[in-house]
Amino acid sequence: MHQQEHNSRAIVAAIASPREPGIKAVAEGVETEQQWNLLGEYAIDFIQGFWA
């Protein structure tokens, strides 16, 4: 996920939108502080990657 790429933000927003009960959202491959900070804007339950 990159701040300048609006397509990736739209995908994350769709995945993090309200879900069925019991379904969790996981962000994988978080490699930078910038990605970590951007993901903080969404309802992500778990973050995995080098930075996390």
Side-chain angles (χ1 to χ4, degrees):
M1 181 170 167
H2 299 282
Q3 189 171 11
Q4 294 82 10
E5 294 180 18
H6 297 288
N7 290 339
S8 63
R9 295 187 80 162
I11 292 168
V12 172
I15 293 169
S17 66
R19 302 176 293 277
E20 294 291 324
I23 305 277
K24 303 290 183 190
V26 179
E28 295 185 355
V30 178
E31 305 295 329
T32 67
E33 183 177 8
Q34 178 186 24
Q35 291 172 332
W36 174 275
N37 291 333
L38 288 171
L39 287 168
E41 300 174 13
Y42 302 97
I44 302 293
D45 299 298
F46 302 100
I47 297 176
Q48 179 274 326
F50 180 75
W51 186 260

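Excluded from the calculations below are hydrogen atoms, water molecules and symmetry mates; all remaining heavy atoms, backbone and side chain alike, are included.
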Which pair of non-hydrogen atoms, one from V30 and one from W36, has the smallest distance, and what is that distance?
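Closest approach of V30 to W36: CG1-N, 3.9 Å.
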
Indicate the atoms forming the closest heavy-atom contact of A43 with A25, along with that distance.
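Minimum heavy-atom contact is O-CB, 4.1 Å.
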
So how far is it from L38 CG to Q35 CD, rounded to the nearest 0.5 Å?
8.0 Å

Looking at residues at least two apart in the chain, or sitting in another chain, which of them share a side-chain hydrogen bond (donor to acceptor under 3.5 Å, both in side chains) with D45?
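If we apply the side-chain hydrogen bond (donor to acceptor under 3.5 Å, both in side chains) test to D45, skipping adjacent residues, the hits are R19.
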
Could you list the cluster mates of I23? Members are the ILVMFWY residues connected by side-chain heavy atoms closer than 4.5 Å, either directly or through other members.
none

